[in-house]
Asker: 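Here you go, one structure.
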There are 2 protein chains.
Amino acid sequence: MALGLGVDRGSPVPLYFQLSQQLEAAIERGALTPGSLLGNEIELAARLGLSRPTVRQAIQSLVDKGLLVRRRGVGTQVVHSQVKRPLELSSLYDDLAAAGQRPGTTVLVNDVVPAPAEAAAALGLGEGSEVHHVERLRLAHGEPIAYLCNYLPPGLLDLGTRQLEATGLYRLMRGAGITLHSARQSIGARAATAAEAERLGEDPGAPLLTMRRATYDDTGRAVEYGTHTYRPSRYSFEFQLLVRP
Amino acid sequence: MALGLGVDRGSPVPLYFQLSQQLEAAIERGALTPGSLLGNEIELAARLGLSRPTVRQAIQSLVDKGLLVRRRGVGTQVVHSQVKRPLELSSLYDDLAAAGQRPGTTVLVNDVVPAPAEAAAALGLGEGSEVHHVERLRLAHGEPIAYLCNYLPPGLLDLGTRQLEATGLYRLMRGAGITLHSARQSIGARAATAAEAERLGEDPGAPLLTMRRATYDDTGRAVEYGTHTYRPSRYSFEFQLLVRP
DNA sequence: TGCTGCCATATGTCCGGACAATCGGACGAC
DNA sequence: GTCGTCCGATTGTCCGGACATATGGCAGCA
């Protein structure tokens, strides 16, 4: 194979990670075509001067990503599909930016309030505890896209209105050293109330896409709860789901 | 610890899997409380008569599920959160059955047709190729919940109308030996057309939740494409998203 | 021809060990 | 008192090997 595989033992990057990145790049650029066998692990390990467990770890990470399939007695194949990325905790701001939509944000509310019952329950706090409360209008090309209402536990992050208008909430949390880990989401639809219609530039009774989400960090602590409403003509949710057997 | 941990070497079940199941059960029933340390891997391995790699494999599988967190230099902790299950490729039929809603299905169309452009593209077939086409109305307690329109590649499965009325499409595919692996989903909302409103028992212009999905098996082959519309008053999408770093 | 059983092949599981990187607290220097 | 350093603890990475098990093709037999 002329894949240019080879690891650098002087690098602090783990060997299995170097290999998995190279394999992923080879798949990405088409050097490993869908359906083709990867060659057996033993020989691959010998060729690269690595042990089999290390090679397996590299391959396993790509299997987890859905790029490869292992079959006992057969070999490891490249998946032939439109699988691009697995799913991620999507950030509306980043999604819009990636789509070249020039996102903008108008901060409508940014203060500390007693937590409403629903937010307190989601964040695991007592009802009436103080929480950060942020309401934002998200725009693209100057047009309203979504209305975002969020609650955060106190002391987690100090939210400057200026920062909130420059970037997304997730990016701010990550920048504050919070490692996001999982989220419970609920997506639905309903007719716009008069107030919602006014805010988003729709007619009353127009369909809206709604999302409720609680986000947790890597220790399982709830770090954010929010209810969002989207204009369905301007936004829809795109997922890539993976099943783990 | 009185966790009752111990493996059976006579069982064909892999040791790491036995251990991970026991740990998961211990977490589930509260014997391992959120935030508590799991005890170091070396000692745990010694106590169980296993090697450290085997114990690590068991722990890793629970980390992947989001039940445990590892911290170098600290130990492995139980996540303290409402994290129950990771996300799965949800089946509407099974979801309803699990919620005790007694799902029902009316098959409206079940035949072979030339593939519409969108379905052919999603399934990776030429436009106009023959495909299975199924249209169903999904009910709960006799009330319409969703309208499901699906296309499947030919020869994959023979779909009996009787079977379709008794269970869900995913269950039929799994029963035919197809291993579902991933799906691309798009969720949105729009106003009901007159025909849609009629089918679902809503008023024209009422908000509907829409889902478009292409499903792939473990080799990356597209095995299903469908467009669904849901009554938002009766159904919403619930997810548990996990981020892998 | 068609079925059966064997066998090479590849991944799956498991072991025991070694060293590195990181975390948190204890200790000592300033 | 505060800061930096050291050190024990724990996970992270990596090795080399062993045997188990599922797969698919081939040869032999009915």
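Here the structure is a predicted model, which is why all the values come from computation and not from measurement. Lettering follows sequence order; numbering is per chain, from 1.
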Asker: Could you list by number each residue of residues 12-21 of chain A showing a heavy-atom separation from DNA chain D of less than 4.0 Å, or answer none if no residue does?
Answerer: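 Result for residues 12-21 of chain A: P14(A), L15(A), Y16(A), sorted by number.
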Asker: Rounded to the nearest angstrom, tell me the gap between atom CD in Q77(B) and atom C1' in dT11(D).
Answerer: 13 Å
Asker: Can you tell me if the side-chain N/O atoms of R9(B) get under 4.0 Å from OP1 or OP2 in dC15(C)?
Answerer: yes
Asker: Let me confirm one number: the OG1-CG distance from T105(B) to L148(B), rounded to the nearest 0.5 Å.
Answerer: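 It comes to 7.5 Å.
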Asker: According to side-chain hydrogen bond (donor to acceptor under 3.5 Å, both in side chains), does anything in residues 117-131 of chain A pair up with another residue at least two apart or in another chain? List the pairs.
Answerer: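 Qualifying pairs: E118(A)-Y225(A).
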Asker: With heavy-atom distances below 4.5 Å as the criterion, would you say the side chains of L92(B) and H228(B) are in contact?
Answerer: no
Asker: Which whole-number value in Å describes the distance from L68(A) CG to dA10(C) C1'?
Answerer: 15 Å
Asker: Atom CZ of R56(A) and atom P of dC14(C): how far apart are they, to the nearest Å?
Answerer: 11 Å
Asker: Among all residues two or more places apart in sequence or in another chain, which pass the side-chain hydrogen bond (donor to acceptor under 3.5 Å, both in side chains) test with S36(B)?
Answerer: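 Per chain and number, S36(B) pairs via side-chain hydrogen bond (donor to acceptor under 3.5 Å, both in side chains) with no residue.
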Asker: Under 4.0 Å from OP1 or OP2 of dT22(C): is there any side-chain N or O of R71(B) that close?
Answerer: no
Asker: My understanding is that only residues two or more places apart in sequence, or in another chain, count here; which of them pass salt bridge (charged side-chain N to carboxylate O under 4.0 Å, His left out) with E43(B)?
Answerer: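 By the salt bridge (charged side-chain N to carboxylate O under 4.0 Å, His left out) rule, E43(B) matches R47(B).
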Asker: Using atom names, set out every protein N or O paired with an N or O of nucleotides 16-20 of chain D below 3.5 Å, distance rounded to 0.1 Å.
Answerer:
unit_1  : atom_1 : unit_2 : atom_2 : d
dA18(D) : N6     : R52(A) : NH1    : 3.4

Asker: If the helix axis at each end comes from five base pairs, how far does the helix from dT1(C)-dA30(D) to dC30(C)-dG1(D) deviate from straight, to 10°?
Answerer: 10°
Asker: Can you name the residues that form a side-chain hydrogen bond (donor to acceptor under 3.5 Å, both in side chains) with R70(B), not counting sequence neighbours?
Answerer: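 E41(B), Q60(B).
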Asker: Tell me the interatomic distance from L44(B), atom CG, to dC15(C), atom P, rounded to whole angstroms.
Answerer: 12 Å
Asker: Counting only side-chain N and O atoms of R70(A), is one of them less than 4.0 Å from OP1 or OP2 of dG12(C)?
Answerer: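 Yes, such a contact exists.
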Asker: What is the separation between atom CD on E43(B) and atom C1' on dT11(D), rounded to the nearest whole Å?
Answerer: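 It is 15 Å, rounded to the nearest whole Å.
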Asker: Taking salt bridge (charged side-chain N to carboxylate O under 4.0 Å, His left out) as the test, write out the residues that go with R72(B), two or more places apart.
Answerer: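 Salt bridge (charged side-chain N to carboxylate O under 4.0 Å, His left out) check on R72(B) returns nothing, list empty.
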Asker: Within a strict 4.5 Å, meaning less than it, do heavy atoms of the L67(A) and V78(A) side chains meet?
Answerer: no
Asker: Looking at T76(A), I'd like to know whether one of its side-chain N or O atoms comes within less than 4.0 Å of OP1 or OP2 on dT11(C).
Answerer: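 Answer yes for this pair, as a side-chain N or O of T76(A) is under 4.0 Å from OP1 or OP2.
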Asker: If I take atom CD in residue Q57(A) and atom C1' in nucleotide dT11(C), what distance separates them, rounded to the nearest angstrom?
Answerer: 16 Å
Asker: Between T54(B) and dC15(C), does any side-chain N or O lie under 4.0 Å from OP1 or OP2?
Answerer: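 Yes, such a contact exists.
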Asker: Could I get the full list of side-chain hydrogen bond (donor to acceptor under 3.5 Å, both in side chains) partners for D94(B), not counting sequence neighbours?
Answerer: R171(B)
Asker: With sequence neighbours excluded, what pairs up with N40(A) under the side-chain hydrogen bond (donor to acceptor under 3.5 Å, both in side chains) test?
Answerer: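 For N40(A), no residue satisfies side-chain hydrogen bond (donor to acceptor under 3.5 Å, both in side chains) once neighbours in sequence are set aside.
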Asker: Measure from CG on L37(A) to C1' on dG24(D) and round the result to the nearest Å.
Answerer: 12 Å
Asker: Rounding to a whole Å, what distance do you find between E41(B):CD and dC15(C):P?
Answerer: 14 Å
Asker: Residues two or more places apart in sequence or in another chain: which of them pass ring pair (Phe, Tyr, Trp, His ring centres under 6.0 Å) with F237(B)?
Answerer: Y230(B), Y235(B)
Asker: Return a table of donor-acceptor pairs under 3.5 angstrom between the side chains of residues 11-19 of chain A and protein atoms on other chains or two or more places apart.
Answerer:
unit_1 : atom_1 : unit_2 : atom_2 : d
S11(A) : OG     : V13(A) : N      : 2.9
Q18(A) : OE1    : D8(A)  : N      : 2.8
Q18(A) : NE2    : D8(A)  : O      : 3.0
Q18(A) : NE2    : V13(A) : O      : 2.9

Asker: If you find the nucleotide of DNA chain C closest to I42(A) and the one closest to G73(B), which residue's nucleotide is nearer the 5' end?
Answerer: I42(A)
